[in-house]
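Protein chains get the first letters and strands the later ones, always in sequence-line order, with residue 1 at the start of each.
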Amino acid sequence: MRLDNMLLAEGVAGPEKGGGSAAAAAAAAASGGAGSDNSVEHSDYRAKLSQIRQIYHTELEKYEQACNEFTTHVMNLLREQSRTRPISPKEIERMVGIIHRKFSSIQMQLKQSTCEAVMILRSRFLDARRKRRNFNKQATEILNEYFYSHLSNPYPSEEAKEELAKKCGITVSQVSNWFGNKRIRYKKNIGSKQTERGAMAPQNKMQFLSPQNLGSSSSFNMSNSGDLFMSVQSLNGDSYQGAQVGANVQSQVGTFR
DNA sequence: AGTAATGATTTGAG
DNA sequence: CTCAAATCATTACT
């Protein structure tokens, strides 16, 4: 149920439609609740999302069809058997129930995988750190001016933040971020200036080097754009598993004969 | 290529 | 909630 709601919210499981426009609109509605200013950045995202959506629906339909086919197949088998031995309606009902449960658990896997794919997509495209742009010269000038003229107490009030945000053409939270970064980095600079006495320089360099080497090199080979395909393939893998489960049920039923 | 700068996020304290 | 601190991810510079 939760997965259903989430897929619905992401615009994946919404109303059925083949063309890209509905998916795009759904994606815009899903992601654009707070801010929808950069349309070029989102077009890629929307394309990928509608791709996921399409695969999801194809797979879902396939499962549905397979489920129906298999159900009728089993029903036929049971009908055939009813000629040689008595079969109660209760038993038939039970079989159908088992089949439906099996297939719905397979659908669950599909939904889970789709959710994961969407989450990865979101984190790839909607994480603001990935599309950072430096503020323009004038904005940083204004911010610096305020910072250095209030150096004794560089904590702008809410109103001052709004004022600065308006002047610089950025949001209030961006102003807050800037001051947070500025305060800590200013303090750090002062500290390192005072410690800089001859032999300490190499240590400083080492300190700055090590965290970067640790952090940046390996992290995103795992989850870049190719990963969408990975997820998609894992969906297909699930469908294989589904077929196998189906085959299992089939073979179990086959022992009836 | 390697490094510094820099905006954004996460974490933890108050 | 705000803030400091650490960290991440991108951009700018050499």
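Between the side chain of N134(A) and the base of dA5(B), no donor-acceptor pair under 3.5 Å is found.
For Y186(A) and dG7(B), the OH to P distance is 18 Å, given to the nearest whole Å. With rounding to whole Å, N136(A) atom CG is found 14 Å from dT6(B) atom P. The distance between atom CZ of F135(A) and atom C1' of dA12(C), rounded to the nearest whole Å, is 16 Å. One atom, CZ of R185(A), and another, P of dT6(B), lie 8 Å apart when rounded to the nearest Å. A straight line from NZ of K137(A) to C1' of dC13(C) spans 12 Å, rounded to a whole angstrom. In this structure, the CG atom of L164(A) is 16 Å from the C1' atom of dG7(B), given to the nearest Å. To the nearest angstrom, P of dC8(C) lies 17 Å from CG of N177(A). What separates CG of N189(A) from C1' of dT6(B) is a distance of 12 Å, to the nearest Å.
Put simply, K161(A) has a side-chain N or O that comes within less than 4.0 Å of OP1 or OP2 on dC3(C). Here R183(A) reaches the OP1 or OP2 of dA4(C): one of its side-chain N or O atoms lies under 4.0 Å away. Between dT11(C) and R133(A), a contact under 4.0 Å exists linking OP1 or OP2 to a side-chain N or O. Applying the 4.0 Å criterion to OP1 and OP2 of dG7(B), one finds that Q174(A) has every side-chain N and O outside that range. Between dG7(B) and K182(A), no contact under 4.0 Å exists linking OP1 or OP2 to a side-chain N or O.
The backbone N or O of E69(A) lies less than 3.5 Å from no partner atom in the side chain of H73(A), so there is not a single donor-acceptor pair. With hydrogens and angles ignored, the 3.5 Å screen pairs a side-chain donor or acceptor of S157(A) with a backbone N or O of A160(A).
The structure places CG of N189(A) at 11.5 Å from CD1 of I184(A), a figure rounded to the nearest 0.5 Å.
Relative orientation of the Y148(A) and Y186(A) rings is perpendicular, given thresholds of 30° and 60° on the angle between their planes.
Using five terminal pairs a side, the axes of the helix from dA1(B)-dT14(C) to dG14(B)-dC1(C) at its two ends make an angle of 0°, given in steps of 10 degrees.
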What's the verdict on salt bridge (Lys or Arg N to Asp or Glu O under 4.0 Å) for R94(A) and E91(A), showing C-alpha distance, side-chain angles and the deciding distance?
CA-CA 5 Å; R94(A) 215 183 95 251; E91(A) 199 173 348; 5.1 Å; no
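Comparing atom distances between the K188(A) side chain and each of dT10(C), dA8(B), dA6(C) picks out dA6(C) as nearest. Closest approach to the N181(A) side chain among dT11(C), dA8(B), dA4(C) is made by dA8(B) (side chain taken as heavy atoms from C-beta onward). When distances are taken from the side chain of I184(A) to each of dC3(C), dC8(C), dA5(C), the shortest belongs to dA5(C).
For S173(A), the side chain to side chain donor-acceptor pair (under 3.5 Å) partners at least two apart in sequence or on another chain are T171(A).
Side chains of M95(A) and M75(A) form no contact here, defined as non-hydrogen atoms less than 4.5 Å apart.
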